[in-house]
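For reference, the structure discussed in these notes is given below.
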Amino acid sequence: ELPSFTFFNFLSSYYNIEQSYEVNRLNHDSLSSQITSAIGAEFGRTTADDILFPTKGYNLSFQIEEANSIPYFAAKIAGREYKGAIFYRLLFNSSVYGSFGRIRNNIFAMKFKTGHLQAFYGTYAGIPLNRTFYAGGSNSIRGWRSQDQELIPKGTPTVKSALNEGINVKGGTFLLEGSFEWRSRFVESFGSALFIDYGNTWLGYKKFRFDEVALGTGFGFRYYTQVAPFRIDFGFKLYNPVSKLYIWDSWDKRFFKNIEFHFGIGEAF
């Protein structure tokens, strides 16, 4: 009973209530606690021909989220001042796949992802750590570790989360990242990949600078099962936006100081 052509073919909505505890390391270890009430939706279109090893098609997804308007109005009704932040969060993710040859064992894949976060009541300080954007890791820029502090905007506060005993830095409010990847499946269960990743996070899209876009490159191996592909990737910092140096200017004689290892289940995108 649907029309002959429908662009969006998936939709999901959610409502989350979370309580977070953070210790601000730059403010005499002061403890802050807040409840985040978030309502959002994710929708998009997928035409990829295979979940485990897509050879053609594309995926598009849009995520829209609004947080904390409910506790804000609850505080107003109770006659109290609301000390948190009301904010919205937008995230767009896309990937495209194309094959070469009739066997479709050589695939060229691209990914582009961007996100924007902004408080329209309160300030950035009232946005919880887990709602900000991070770059780096096995599904991001693979020359860096997950939530690497080199890919955190300058000026963000250092905090300690109750969910993570290590010291973290709050992420950015604007995210831009992408990947180019060549995938080759040379036997039924084994494959390899060559990739170039790029991106970073900033405190707002107006702070974006091309010389602060990190570049990572590397290679990886895949083992395909009926459940999911298992992969290991070896990433290198092709261009480091912190030092403003390329890999040939910053190569360490200790080889393993130059490389990041990532193990994952499923393709990077």
Side-chain angles (χ1 to χ4, degrees), residues 22-27 29 89 91-93 110-118 123-125 127-161 163-181 193-220 232-264 268-269:
E22 298 175 3
V23 179
N24 194 318
R25 288 305 195 194
L26 299 182
N27 190 23
D29 288 358
R89 189 174 187 268
L91 186 64
F92 169 74
N93 202 349
M110 295 186 298
K111 180 190 77 172
F112 178 75
K113 182 178 182 181
T114 185
H116 175 65
L117 170 68
Q118 184 172 346
T123 63
Y124 167 80
I127 300 174
L129 181 146
N130 67 330
R131 281 296 192 272
T132 57
F133 295 114
Y134 296 91
S138 64
N139 295 318
S140 182
I141 310 170
R142 284 163 280 187
W144 281 261
R145 297 183 300 273
S146 178
Q147 300 186 8
D148 199 300
Q149 295 192 16
E150 287 189 333
L151 301 181
I152 298 297
K154 297 178 182 178
T156 52
T158 302
V159 299
K160 181 177 180 181
S161 170
L163 300 177
N164 188 334
E165 295 183 356
I167 295 176
N168 298 297
V169 179
K170 215 167 190 178
T173 58
F174 177 67
L175 168 72
L176 177 70
E177 69 174 44
S179 298
F180 301 96
E181 186 166 300
L194 299 173
F195 56 84
I196 295 178
D197 304 323
Y198 64 90
N200 208 335
T201 63
W202 292 266
L203 285 177
Y205 62 89
K206 294 182 179 180
K207 300 287 187 180
F208 171 83
R209 290 180 47 164
F210 282 102
D211 63 350
E212 293 181 354
V213 176
L215 298 177
T217 187
F219 60 93
I232 182 170
D233 289 324
F234 305 88
F236 301 87
K237 295 178 176 65
L238 180 60
Y239 171 74
N240 191 332
V242 176
S243 62
K244 300 293 192 295
L245 295 176
Y246 287 90
I247 190 171
W248 47 82
D249 298 318
S250 59
W251 187 263
D252 197 308
K253 294 181 179 179
R254 296 165 294 181
F255 177 80
F256 290 101
K257 291 291 184 179
N258 302 291
I259 193 170
E260 291 292 339
F261 299 90
H262 300 284
F263 175 79
F269 58 93

Problem - Near-ring test Phe261/Phe234, centroid separation under 6.0 angstrom - result: yes
Fill in the blank from the handout: Output for pair (Gln149 CD, Trp144 CH2), nearest 0.5 Å, gives 14.5 Å
Completion exercise
Residue pairs passing the salt bridge (Lys or Arg N to Asp or Glu O under 4.0 Å) test with at least one member in residues 204-216, sequence neighbours excluded, are Arg209-Asp211
Exercise for the section: Report the distance from atom CD1 of Ile141 to atom CG of Leu151, rounding to the nearest 0.5 Å. Expected result: 5.0 Å
Problem - Tyr239 and Tyr246 aromatic ring geometry - parallel, tilted or perpendicular at 30°/60° bounds - result: tilted
Problem - Lys113 charged N/C atom sitting above Phe269 aromatic ring, 6.0 Å / 45° - result: no
Practice task
Mind listing the closest non-hydrogen atom pair of Leu175 and Ala135 along with its distance?
Solution key: CD1-CB, 4.5 Å
Exercise for the section: Evaluate the side-chain proximity of Leu176 to Thr114: yes if any heavy-atom separation is below 4.5 Å, no if none is. Expected result: yes
Practice task
Kindly say whether Gly216 contributes a backbone atom to a donor-acceptor pair with the side chain of Asp197 at under 3.5 angstrom?
Solution key: no
Practice task
Decide, yes or no, whether a salt bridge links Glu177 with Lys111 under the criterion of side-chain N to carboxylate O below 4.0 Å.
Solution key: yes
Practice task
For atom OH of Tyr205, decide whether the heavy atoms of other residues, nucleotides or ligands shown that lie under 6.0 angstrom number more than 12.
Solution key: no
Handout entry: Side chains of Ile259 and Phe236 in contact at under 4.5 Å (non-hydrogen atoms)
Key = yes
Handout entry: Stepwise side chain to side chain contact (heavy atoms under 4.5 Å, CB included) check, Glu150 with Ser243
Key = CA-CA 10 Å; Glu150 287 189 333; Ser243 62; over 6 Å; no
Handout entry: Shortest non-hydrogen separation from Ala268 to Ser138 and the atoms involved
Key = CB-O, 3.9 Å
Handout entry: Lys/Arg-Asp/Glu bridge criterion (N-O < 4.0 Å) met for Glu260, Arg145
Key = yes
Handout entry: Close side-chain approach of Phe112 to Phe92, heavy-atom, < 4.5 Å
Key = yes
Fill in the blank from the handout: Rounding to 0.5 Å, atoms CZ (Arg89) and OG1 (Thr132) come to a distance of 8.0 Å
Problem - Closest non-hydrogen atom pair between Gly172 and Pro153, with its separation - result: CA-CG, 3.6 Å
Problem - Spacing of CG belonging to Asn240 relative to CG belonging to Asp249, to within rounding of 0.5 Å - result: 11.5 Å
Handout entry: Pairwise side-chain contact, Asp148 with Tyr134, heavy-atom cut-off 4.5 Å (strictly under)
Key = no
Practice task
Could you grab the distance from atom OH of Tyr124 to atom OG1 of Thr173, nearest 0.5 Å is fine?
Solution key: 7.0 Å
Exercise for the section: Taking all heavy atoms of Pro241 and all of Ala214, pick out the closest pair and write down the distance. Expected result: CD-CB, 3.6 Å
Practice task
Count the heavy atoms of every other residue, nucleotide or ligand shown that sit under 6.0 Å from CZ of Phe256, and state whether that count exceeds 12.
Solution key: no
Handout entry: Distance in Å, Phe133 CZ paired with Lys170 NZ, rounded so as to fall on 0.5 Å steps
Key = 13.5 Å
Exercise for the section: Say whether, by atom type as modelled, one donor and one acceptor occur between the side chain of Thr217 and the main chain of Lys237 under 3.5 angstrom. Expected result: no
